[in-house]
Every structure is written in C-alpha cells, then in structure tokens.
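Encoded as structure tokens, the structure appears first; notes follow it.
Counting starts at 1 for both ligands and their atoms, in listed order. Numbering starts at 1 and runs along the sequence shown.
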Amino acid sequence: MKTSFILSATVAIRDTILSYESELESLDRAIGDGDHYINMKRGASAIVEMQTELEPLTPDAALNKIGLKLLSTIGGASGPLLASFFMGMAKVIKESGDESVQTYATAFAAGVDVIRQRGKADLGEKTMLDVLIPVANQFTALAATNTNVQEISAALIQTAEQGMLATKNLIATKGRAASLGERAIGHIDPGAKSCQLMITTVCKLIS
Ligand code: ADP
Ligand code: MG
C-alpha cells in the first residue's frame with residue numbers, strides 16, 4: 001500500500017462520514033451523548049487538511065502522524081481509541097519493512113489489539129470492536145491463504161456489515177451505553193457504524 005492510496009482513502013472516508021451525518025448523530029443520541037458524528041467529522045477533516053504534510057512520508061510514518069492528529073483532534077472515547085489503532089498499525093508496518101497484503105493484515109490486527117487493550121473491551125460488548133475484531137480475524141485468515149485483494153475487500157465489506165448489525169441486539173458493557181442496560185437493545189452502536197463505514201469505504205477503493 002502506498003502513501004498515495006492512504007491519502008485517497010482519507011478523502012473518501014471524510015466524504016462518507018459527511019454523508020452519514022444524520023444516521024451517526026441519531027445513533028449516538030439514542031444510546032450515547034450525540035457527539036459521535038461531530039467527533040468523526042472533526043477527525044476526518046483534520047486528516048484531509050494534512051495532505052501536503054503526509055504526501056512525502058512513508059506509509060508507516062503517514063499512519064503514525066494520522067494517529068497523533070486524531071489524538072489531538074477527536075474528543076470522547078473514540079478519539080484515543082482510533083488514534084491508537086493507527087499508531088499500532090504504523091508500528092507493525094515500520095518493523096516489517098514491506099508493503100504486502102499480509103503485512104497490512106497483521107498491522108490491522110495489531111491496531112485492533114491496541115484498541116482492545118486501551119478500551120479494556122472485547123467482542124460482544126456493543127462497541128466498535130464488534131466490527132473491528134471479526135474484520136481483523138478474517139483479513140488475517142484470507143491474507144494467509146493468498147486470497148487476492150479484491151476478494152478480501154468484498155469479504156471484509158460483508159463481515160463489517162454483519163458485525164455492525166449484530167450490535168443492535170446487544171446490551172452494552174463498555175462505553176456510555178453501558179449505563180442503559182436493556183434500553184440499549186434495538187440500537188446499533190455508533191462507533192460500530194462509523195468503523196463499518198470506514199472499512200467499507202476503503203475496501204470499495206480497492207475493489
Ligand atoms: P463518547 O462515548 O465519549 O461520547 P464517541 O461518541 O465519539 O465518544 O464514541 C462512542 C463510541 O466509542 C461507541 O459507540 C463505541 O463504539 C466506542 N467505545 C466506547 N468505549 C469503548 C471501549 N472501551 N472500547 C471500544 N470502543 C469503545
Ligand atoms: Mg458520544
């Protein structure tokens with residue numbers, strides 16, 4: 001993966017987030033405090049504004065810088081978690097020194113693991129991890145069998161959607177929605193939705 005692809009992805013992600021304003025806002029209003037769209041918009045826009053700064057960097061350095069920027073621009077629970085994802089991913093790419101699909105799969109999984117550790121959360125707690133963990137597992141498995149990137153992208157789009165939809169019937173045990181108990185049932189988790197949107201956007205750029 002080249003830095004130019006990362007730059008295209010950041011623009012596409014920003015556009016996707018902007019076009020899902022009402023959905024992201026109402027999801028967080030239903031089971032959170034309503035700021036998730038604003039948080040995501042602020043982060044995505046700040047990254048797009050860094051294009052000229054990111055352009056000359058290697059992919060790992062660009063991803064690390066994206067993480068640092070998110071840390072300083074997105075508030076809430078999601079900011080530091082998403083920031084740590086990009087920094088965790090950057091670390092693996094830097095250490096591996098190559099740009100293969102396998103490396104990106106390993107890096108993605110490492111990024112998800114950092115979120116897991118930082119957020120002290122796991123699968124089934126009605127968070128972004130309900131999208132990220134299944135996607136990381138599938139990405140790793142498909143990359144290991146040398147599946148081509150188009151097929152991987154198509155599979156990850158489906159898995160992300162399933163993970164996002166699955167949060168609807170869960171009780172939250174992490175994040176703001178945890179205080180709602182059974183009242184959170186029937187609502188998709190906003191962080192799961194935005195992660196599904198970001199993954200789908202990037203996969204569509206590939207396929
Ligand atoms: P806040 O909850 O502080 O208002 P946001 O609204 O931006 O921040 O983000 C909320 C999202 O963050 C949730 O929908 C959930 O997906 C995610 N989240 C919250 N806590 C955790 C956690 N401990 N681990 C993983 N994800 C979390
Ligand atoms: Mg919120």
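Asp189 OD1, 3.4 Å is the protein heavy atom nearest to atom 13 (C) of ligand 1. Looking only at heavy atoms of the protein, atom 2 (O) of ligand 1 is closest to Arg176 NE, 3.3 Å. With hydrogens left out, the protein atom closest to atom 7 (O) of ligand 1 is Ser78 OG, 2.6 Å, a heavy atom.
Under 4.0 Å from ligand 1, heavy atoms of Met128 appear from its side chain as well as its backbone.
Taking every heavy atom of Asp35 and a limit of under 4.0 angstrom, the matching atoms of ligand 1 come to 4 (O), 5 (P), 6 (O). The distance from ligand 1 to the heavy atoms of Ala121 drops below 4.0 Å at these ligand atoms: 24 (N). Listed by number with element, the atoms of ligand 1 under 4.0 Å from a non-hydrogen atom of Asp33 are 4 (O). Interface atoms of ligand 1 facing Asp28, defined by a heavy-atom separation under 4.0 Å, are 6 (O). Listed by number with element, the atoms of ligand 1 under 4.0 Å from a non-hydrogen atom of Gly175 are 19 (C), 20 (N). Those atoms of ligand 1 with a heavy atom of His36 less than 4.0 angstrom away are 5 (P), 6 (O), 7 (O), 9 (O). Taking every non-hydrogen atom of Gly76 and a distance limit under 4.0 Å, the qualifying atoms of ligand 1 come out as 3 (O), 8 (O). Each of the atoms 21 (C), 22 (C), 24 (N), 25 (C), 26 (N), 27 (C) of ligand 1 lies under 4.0 Å from some heavy atom of Leu81.
Considering the Mg ion (ligand 2) as centre, the angle to OD1 of Asp33 and to OD2 of Asp28 is 90° (10° rounding).
Contact analysis puts Pro190 in contact with ligand 1, with a non-hydrogen atom separation below 4.0 angstrom.
Annotation for Glu99: atom CD counts as buried by contact number, over 12 foreign heavy atoms lying within 6.0 Å.
Counting heavy atoms from C-beta outward, Pro134 and Leu123 have side chains that approach closer than 4.5 Å. Counting heavy atoms from C-beta on, the side chains of Leu170 and Ile185 never come closer than 4.5 Å. Contact annotation: the side chain of Arg42 approaches that of Asn39 to within less than 4.5 Å [non-hydrogen atoms, C-beta and beyond]. Taking 4.5 Å as the limit, some side-chain heavy atom of Val11 sits within range of a side-chain heavy atom of Gln51.
The atom name of the N/O/S atom in Asp35 closest to the Mg ion (ligand 2) is OD1.
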Worksheet item: Gln102 and Ser96: side chain to side chain donor-acceptor pair (under 3.5 Å), yes or no, with the steps?
Response: CA-CA 10 Å; Gln102 286 80 6; Ser96 77; over 6 Å; no
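The shortest N/O to N/O separation between Ile115 and ligand 1 does not fall below 3.5 Å.
In this structure a side-chain-to-backbone donor-acceptor pair under 3.5 Å is missing from Lys126 to Ile188. Distance alone, capped at 3.5 Å, places no donor-acceptor pair between the Thr200 side chain and the Leu197 backbone.
For the residue pair Glu55/Ser4, the side-chain donor-acceptor check at 3.5 Å is not satisfied. In summary, the side chains of Thr106 and Thr103 do not present any donor paired with an acceptor at a separation below 3.5 Å, with no hydrogens or angles considered.
A pairwise comparison of heavy atoms in Ala46 and Thr73 identifies CB-CG2, 3.8 Å as the closest pair.
Heavy-atom proximity to atom 19 (C) of ligand 1, evaluated over Gly119, Ser194, Ala77, Gly79, is greatest for Ala77.
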